[in-house]
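Notes to accompany the following structure.
Basis for what follows: all heavy atoms, side chains included, without hydrogens, waters or symmetry-related copies. Numbers for residues simply follow the sequence, beginning at 1.
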Amino acid sequence: MGATVIKLENLSCELQDGTLLLDGVDLEVEAGECVLLCGRSGAGKTTITKCLNGLIPNFDSGVTRSGRVSVCGKDPATCDAYELALKVGNVFQNPKSQFFNLTSDDELAFGLEVAGAHPDDIDARIEEVTHALSIEGLRDRHVNHMSGGEKQSLVFASAEVANPALYILDEPSIGLHPRDTNRLIKVLRQLRDLGNTVIVVEHEEEVIRAADYIVDIGPKAGYNGGEVVFSGTLPQLLKNKKSLTADYLTGRRAIAPPAAERGWSSSIVIKGARENNLRNIDVRIPLGVMTCITGVSGSGKSSLAKGILYPALRRMLFDTGVKPGDFDGIVGDVQLLKSVEMIDQNPIGKSSRSNPVTYIKAYDEIRRLFADQPYAQHTGLGASAFSFNIAGGRCEECQGEGVIKVSMQFMADVELVCEACGGKRFRDEILEVKYRGKSIYDVLEMTVDDAIAFFGEEKKDSTCKRIVERLKPLQDVGLGYIKLGQSSSTLSGGESQRVKLASFLTKDSAQGGVMFIFDEPTTGLHFHDINKLLAAFNALIERGHTIVIVEHNMDVIKCADWVVDLGPEAGTGGGRVVFEGTPRALEQCPESYTGKFLSLRTKL
């Protein structure tokens with residue numbers, strides 16, 4: 001084994017009240033070892049990890065520690081923060097990059113040390129790995145200044161120096177330009193050729209085509225999925241008639257660009273953008289159409305859209321929000337904008353009781369419908385009695401959540417079904433109110449598709465008609481499979497983003513003049529879902545809104561009305577405007593990597 005990384009000698013920890021947590025513990029961890037701490041609950045395992053983890057943030061002030069702790073033969077008290085992070089930052093619970101502004105070489109050096117590499121070989125091995133993975137541009141770059149795609153490449157470079165293992169990767173192409181996706185495929189193949197097993201969850205076409213073996217799950221989403229539709233090689237998949245994935249790979253289905261280009265006459269211009277690596281650039285954003293901001297990973301797209309455009313417009317329109325990045329100003333037809341919205345993938349609510357049907361305000365109509373039923377009127381139950389957010393009709397034992405959370409001192413919290421309501425969230429009296437044989441709980445357990453069919457049968461009932469109108473946008477954005485009362489905490493980032501998008505597709509949001517900014521909205525989406533997403537974008541544009549998207553997906557870019565391509569490279573080699581214009585003109589731009597891959601996609 002390698003040299004000793006961590007050494008504890010006669011380590012004792014004691015609380016202020018005299019309670020002994022650790023009593024003379026000796027522990028030695030060598031480079032390349034996997035150490036398992038086991039024992040009964042309360043034996044002191046967590047205290048040891050907290051103590052070791054406390055080498056970076058200070059250990060609890062209420063604990064007195066004695067004994068000797070050494071890191072690579074040194075006393076932590078004599079090491080600076082940089083050196084401690086380099087030695088122990090990745091061993092314990094907190095990634096060092098969150099606390100220290102380290103460079104990519106520091107990350108790789110640490111991985112090599114843990115893998116047991118000799119100190120004299122580390123620099124040469126870093127050079128070899130970065131060259132093999134074509135990420136020389138990341139060398140000596142600070143981790144905190146990298147884009148998401150660049151950090152992803154660094155993770156793979158770190159994995160490249162480790163010992164053979166099983167790698168399970170969930171959408172590793174997120175944040176990567178098609179040029180970088182090809183490099184990713186090269187990395188995955190190198191991992192495989194080194195004797196590793198690689199399992200990838202992915203929607204990117206190039207990655208799917210490069211796989212040795214494909215398992216297609218479906219056929220659709222939610223309750224309509226969960227089956228193995230196909231398993232086998234790519235040539236076998238392309239012959240399968242039941243797979244939606246095969247339909248798009250073979251061209252039986254396709255994401256078609258608009259039949260005609262949308263024209264525009266109004267625009268705004270960002271002047272002198274200098275945030276991060278942006279090189280004092282001027283960028284034009286047309287209004288009333290869809291604009292894609294493109295470029296390789298790390299070219300400055302998010303710095304422009306999220307760092308400057310969104311916060312600057314918020315301040316101009318509402319005199320509120322965070323300070324925008326370094327730029328001179330925004331000129332043009334700003335007066336035509338009434339609002340700006342950043343549609344991100346953050347959860348739609350902080351409470352576990354928040355759900356899609358309350359977010360799009362369809363639940364207000366559902367509560368009114370139940371309050372209008374004869375039994376509810378006879379017992380004096382108003383619409384508020386059918387809310388699980390306020391006292392009255394909800395189960396007070398679980399506060400309308402349907403579950404009881406049990407706090408575990410050294411483990412994750414446990415959720416138990418509420419014994420008082422049986423997980424139904426309401427009092428028995430409320431559940432006695434029925435509409436066409438369904439209680440309020442039964443309705444909340446319906447999927448969006450089922451609810452639209454159920455309420456759509458009552459065509460003459462104005463309340464039912466309003467419920468269907470509010471639910472329809474969820475179906476339009478491809479979320480027909482989620483339950484009305486599904487907790488927001490169980491929704492993925494992509495699902496949360498589409499719920500937000502659906503809320504703007506309701507009739508209440510028909511008035512135009514809003515700029516919607518999306519940062520890679522296709523993250524986690526299948527080809528079929530992207531098709532529905534583009535239809536939702538078109539619906540917003542028809543209502544007079546503006547769409548601005550930071551995107552790498554070529555199917556979305558080819559459907560844009562205007563493209564701003566940044567680059568040509570990442571980091572110091574990027575931050576310039578390579579191209580501004582239509583997707584068709586971008587294909588003819590020789591300096592643009594995006595144009596090159598766009599022309600290849602349109603020829604398929």
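In this structure, Glu202 contributes its side chain and Glu204 its backbone to a donor-acceptor pair below 3.5 Å. The main-chain N or O of Asp333 is never found under 3.5 Å from a side-chain atom of Ser266 such that the two would form a donor-acceptor pair. Of the possible polar contacts, one joining the Glu551 side chain to the Asn553 backbone as a donor-acceptor pair under 3.5 Å is found. Put simply, the side chain of Glu469 never gets that close to the backbone of Arg466: no donor and acceptor are under 3.5 Å apart. Ser299 contributes a side-chain N or O that, together with a main-chain N or O of Val296, makes up a donor-acceptor pair within less than 3.5 Å. With hydrogens and angles disregarded, no donor-acceptor distance shorter than 3.5 Å links the side chain of Asn531 to the backbone of His528. Side-chain atoms of Arg179 never come within 3.5 Å of backbone atoms of Phe597 as a donor-acceptor pair (strictly under, hydrogens ignored). In this structure, Asp450 contributes its side chain and Met446 its backbone to no donor-acceptor pair below 3.5 Å. With hydrogens and angles ignored, the 3.5 Å screen pairs no side-chain donor or acceptor of Gln399 with any backbone N or O of Cys395. Between the Arg284 side chain and the Ile270 main chain, no donor and acceptor come within less than 3.5 Å of each other.
Arg584 CZ: 12 or fewer foreign heavy atoms inside a 6.0 Å radius. At most 12 non-hydrogen atoms from other residues, nucleotides or ligands lie less than 6.0 angstrom from NZ of Lys438. Environment of NZ in Lys483: sparse, with no more than 12 heavy atoms of neighbouring residues, nucleotides or ligands closer than 6.0 Å. For Glu397, the CD atom is loosely surrounded, since the number of other residues' heavy atoms within 6.0 Å does not exceed 12.
In the model, Gln475 has a side-chain atom that pairs as donor or acceptor with a side-chain atom of Asp449 under 3.5 Å. Asn240 and Ser243 share no donor-acceptor pair across their side chains, judged by distance under 3.5 Å alone. When only modelled atom types and interatomic distance are considered, His177 and Thr594 share a side-chain donor-acceptor pair under 3.5 Å.
Judged by the 6.0 Å distance and 45° axis criteria, Arg394 is not positioned over the aromatic ring of Phe388.
Side-chain contact check for Leu176 versus His552: every heavy-atom pair is 4.5 Å or farther apart. Side-chain contact between Thr582 and Glu261: present, with at least one pair of heavy atoms (C-beta onward) separated by less than 4.5 Å. Residues Asn355 and Ser488 fail the side-chain proximity criterion, which asks for heavy atoms closer than 4.5 Å. Taking 4.5 Å as the limit, some side-chain heavy atom of Leu238 sits within range of a side-chain heavy atom of Leu249. Between Ile268 and Met515, some side-chain heavy-atom pair lies under the 4.5 Å cut-off. Using a 4.5 Å cut-off on side-chain heavy atoms (C-beta onward), Pro286 and Thr546 make no contact. Side-chain contact between Asp461 and Leu369 is present, with at least one heavy-atom pair separated by less than 4.5 Å. At a threshold of 4.5 Å between non-hydrogen side-chain atoms, the residues Val283 and Leu304 count as touching.
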Q: Show your working on side chain to side chain contact (heavy atoms under 4.5 Å, CB included) between Cys292 and Val564 and close with a plain yes or no.
A: CA-CA 6 Å; Cys292 276; Val564 177; over 6 Å; no
Q) Between Phe516 and Phe537, is a ring pair (Phe, Tyr, Trp, His ring centres under 6.0 Å) present by the stated rule, with each step listed? A) CA-CA 10 Å; Phe516 295 95; Phe537 287 162; 9.0 Å; no
Q: For the pair Cys464 and Tyr435, evaluate side chain to side chain contact (heavy atoms under 4.5 Å, CB included) and give the outcome as yes or no after the intermediate values.
A: CA-CA 11 Å; Cys464 288; Tyr435 172 73; 3.2 Å; yes
Q) Can you list the steps and then say if Val556 with Ile549 is a side chain to side chain contact (heavy atoms under 4.5 Å, CB included)? A) CA-CA 9 Å; Val556 174; Ile549 310 171; 4.2 Å; yes
**Q.** CA sep, side-chain torsions, deciding dist, call: Leu169, Val198, side chain to side chain contact (heavy atoms under 4.5 Å, CB included)
**A.** CA-CA 8 Å; Leu169 311 172; Val198 183; 4.0 Å; yes
Q | Stepwise salt bridge (charged side-chain N to carboxylate O under 4.0 Å, His left out) check, Arg209 with Glu206 | A | CA-CA 5 Å; Arg209 292 185 179 276; Glu206 287 75 13; over 6 Å; no
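Under the 4.0 Å criterion applied to side-chain N and carboxylate O atoms, Asp555 and Arg601 are assigned as salt-bridge partners. Using a 4.0 Å cut-off between a side-chain N of Lys or Arg and a carboxylate O of Asp or Glu, Asp476 and Lys472 qualify as a salt bridge. Salt-bridge check for Glu495 with Arg498: failed, with every basic side-chain N at 4.0 Å or more from each acidic carboxylate O. Remark: Glu401 does not engage Arg425 in a salt bridge, criterion side-chain N to carboxylate O under 4.0 Å. With respect to Lys500 and Glu341, no salt bridge is recorded, no charged nitrogen being found less than 4.0 Å from a carboxylate O.
Annotation: Phe426 is not in aromatic contact with Tyr441 [ring centroid separation under 6.0 Å not met]. Remark: aromatic rings of Phe527 and His203 are distant, center separation not under 6.0 Å. The aromatic ring centroids of Tyr363 and Phe386 lie 6.0 Å or more from each other.
What you find for Val477 and Ala536 is that their closest heavy atoms are CG1-CB, 3.8 Å. Nearest heavy atoms, Ser384 versus Ile390: CB-CD1, 3.8 Å. Of all heavy-atom pairs spanning Phe518 and Leu501, the tightest one is CZ-CD1, 3.9 Å. Heavy-atom minimum distance, Ser439 versus Leu431: CB-O, 3.5 Å. Considering every non-hydrogen atom in both Val200 and Pro172, the closest pair reads CG1-CD, 3.6 Å. Residues Leu505 and Pro473 come closest through the heavy atom pair CB-CB, 3.8 Å.
Here Gln497 contributes atom CD and Ile343 contributes atom CD1; the two are 7.5 Å apart, rounded to the nearest 0.5 Å.
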